[in-house]
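Letters A, B, ... are given to chains in the order of the sequence lines, protein chains preceding strands, and every chain is numbered from 1.
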Amino acid sequence: MEREVRVRFAPSPTGPLHIGGVRTALYNYLFAKKMGGKMILRIEDTDQNRFVPGAEDYIIEALNWCGITLDESPVTGGPYAPYRQSERKPMYMQYALQLVESGHAYYAFDTAEELDEMRERLKAAKVATPQYNAITRATMKNSLTLPEDEVKRRLESGDPYVIRLKVPRKEEVRLKDMIRGWVMVHSSAIDDKVLMKSDGMPTYHLANIVDDHLMEITHVIRGEEWLPSAPLHVLLYRYLGWEDTMPEFAHLPLLLKPDGNGKLSKRDGDKLGFPVFPLRWTDPFSGELSSGYREAGYLPEAFVNFLAFLGWNPGTQQEIFSLQELAQEFSVERIGKSGTRFDIQKARWFNEQYLRAKPDAELATYLLAALEEHQITCTPEKAEKIAGLMKERVSFPQDFWQEAAYFFVAPTEYSEKVASKKWNVQAVEVFQDFKNEIPALADFNADAVKELLLQILERRGMKIGQVMQALRLAATGAEAGPDLMQIIEVIGKEETISRIETAIAKLGHYATA
RNA sequence: GGUCCGUUCGUCUAGGGGUUAGGACUUCAGAUUUUCAUUCUGGCAACAGGGGUUCGAUUCCCCUACGGACUACCA
């Protein structure tokens, strides 16, 4: 009987979730959906010193924004609650003690100074990897070296202690990674990891094994930075007697900085010229503000599509995938092995694709919202028309206002380039006729306006190309934009006349020849 | 330093013992257009290097180089 697939995303609430974390969550989610399983959020807050207020809410909001739904979480609860490790604190000690009793772990009383001293000593002796291990533990203060009664005395008197895993001296530890195949590590490369800290909290290593087991997690999909400690986790499953239900592992390739120089990290903030966080974040201690994809104008569908392709591909030519389609096509086998450089250009391209696929009416809401902020009234019909004219030329929702303000506000400045090249006496004469004859137009629409302009030009033996740029300048101040006749139709009769008059007055000094 | 992981166009990648090594982003050129953008067409551009194995290797194996991760009472 196959077990139901259960995966977890297990972030630590030490700040905003960064984009690599979002991708890990996404892959977990896609895998769960593909397999008809459950997606669980577990908060790994065993380090009380690094707790950051608001981080957990941020994580949940970010996942929510992406459309990643949680079957079990600290908020929704679930059959394996609680989902915060701090709230599971009483559960861990018994397993650590079980390991002590079975001889796979021991008490250690060394102070931080003594540990430093040990490392310094080994370093001075040119030991390649100074670590608390099968050899050095014999020289340290622990329940393997101290007399039994002293250990007992120390424990009873409340001396601070940790519990360390007793890693065997020589043993080949193998684990099968779904992405990388068999990975072999010699136990001598693993040190006697602390399982229980002196504050009574477990470390990540113990907590994640205990929780994954208790929560019946079947697949652990996490970043490659965990690969070196994965063999240690295998050892823990073995010593705890849980090896037969041990989850399968998949270690995801890392997200690298655009120059390939190191992994993308929270600390990169906005230094790279693009956000590394899904949502904007204000650091509660320093007040430092970091930008987010949501606020930058990325559509969640585009963001998710882009993220999914950073390290995974469907093996077909299709690039645009909804979250549902991704879940349908997703497979761990198609995840790449090598680190992926982050390319913001591609993210932008995805955003444009999704923007263009939206109906004009929906795009109009972006414009309407911006107009409201600027206290400009506009009918939904007009906004929809403008959205339709602009959609092929914007990358972000905010561009509708930024690039199309001239639909509502008369230009105050004119492109110097176009003015000097295209604004001349001949054009001005055409515009004089044009604005004088506009009032007679029965229907003020793009076709009629164009017809009128064509008539005037014909009378003067001119071609449309000779005046269009200048007319665009008069109407919008800009050198480029959507169909000018459409713009004029939207601006309206009076405003068009007024803008032409203003331009003739203001640009007079260019019309000398 | 040690351990582990990785390496196909600038970037994301497909492919896989015999292919004109395919696509997308970027970029360039042309077409369309009243401009710019879009769109369309086309171009530039890659198997890190060296050894094997093989009739044949980019593909399999080894070594080197390079890159990355890890190396805490952090996750």
For [X], which contact category applies under a 4.0 Å heavy-atom criterion: base, sugar-phosphate, or nothing?
{"X": "A:L254", "result": "sugar-phosphate"}
{"X": "A:V183", "result": "sugar-phosphate"}
{"X": "A:R119", "result": "sugar-phosphate"}
{"X": "A:G223", "result": "nothing"}
{"X": "A:M184", "result": "sugar-phosphate"}
{"X": "A:K263", "result": "sugar-phosphate"}
{"X": "A:P482", "result": "base"}

Base-pairing assignment for [N] (Watson-Crick or G-U wobble, both under 3.5 Å):
{"N": "B:G18", "answer": "B:C55"}
{"N": "B:U71", "answer": "B:G1"}
{"N": "B:A48", "answer": "B:U64"}
{"N": "B:A29", "answer": "B:U41"}
{"N": "B:U11", "answer": "B:A24"}

Could you label the plane-to-plane angle of the A:F309 and A:F321 rings as parallel, tilted or perpendicular, counting under 30° as parallel and over 60° as perpendicular?
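Tilted.
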
Side-chain donor-acceptor pairs under 3.5 Å in residues 226-237 of chain A, sequence neighbours left out?
{"residue": "A:S229", "atom": "OG", "partner": "A:W226", "partner atom": "O", "Å": "3.2"}
{"residue": "A:H233", "atom": "ND1", "partner": "A:R222", "partner atom": "NH2", "Å": "3.1"}
{"residue": "A:H233", "atom": "NE2", "partner": "A:H205", "partner atom": "ND1", "Å": "2.9"}

A:I456 pairs by side chain to side chain contact (heavy atoms under 4.5 Å, CB included) with which of A:E429, A:E437, A:Q432, A:M462?
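Between A:I456 and the candidates, side chain to side chain contact (heavy atoms under 4.5 Å, CB included) is satisfied uniquely by A:E437.
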
Under a 4.0 Å heavy-atom cut-off, which of residues 332-345 of chain A touch RNA chain B?
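Heavy-atom contacts with RNA chain B come from A:R334, A:K337, A:S338, A:T340, A:R341, A:D343, A:Q345.
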
Pair A:V467, A:F431 - check side-chain contact (heavy atoms from CB on, under 4.5 Å), show working.
CA-CA 9 Å; A:V467 297; A:F431 300 154; 4.0 Å; yes

Quick check: does any side chain N or O of A:R180 sit under 3.5 Å from a backbone N or O of A:H251, one acting as donor and the other as acceptor?
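Checked: pair present.
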
Distance criterion of 3.5 Å, no angle test: do you see the side chain of A:K346 paired donor-to-acceptor with the base of B:A24?
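Check passes, donor-acceptor contact within cut-off.
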
Has the side chain of A:T203 got a donor or acceptor atom sitting under 3.5 Å from an opposite partner on the base of B:C73?
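Result: no qualifying N/O pair found.
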
Give me the distance, rounded to whole Å, that separates B:A45 from B:U33 when you measure between the P atoms they each carry.
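Looking at atom P only, B:A45 and B:U33 are 32 Å apart.
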
Look at A:D268 together with A:K271 and state whether they make a salt bridge at an N to O cut-off of under 4.0 Å.
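Between A:K271 and A:D268 there is no salt bridge, as every charged N stays at least 4.0 Å from the carboxylate O atoms.
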
Could you pull out all donor-acceptor pairs under 3.5 Å where a side-chain atom in residues 158-173 of chain A meets a protein atom, sequence neighbours excluded?
{"residue": "A:D159", "atom": "OD2", "partner": "A:R154", "partner atom": "NH1", "Å": "3.3"}
{"residue": "A:R164", "atom": "NH1", "partner": "A:D192", "partner atom": "O", "Å": "2.7"}
{"residue": "A:E171", "atom": "OE2", "partner": "A:R238", "partner atom": "NH1", "Å": "3.0"}

Please tell me if [X] has a side-chain N or O lying less than 4.0 Å from either OP1 or OP2 of [N].
{"X": "A:K197", "N": "B:C74", "result": "yes"}
{"X": "A:N313", "N": "B:A14", "result": "yes"}
{"X": "A:N49", "N": "B:C74", "result": "no"}

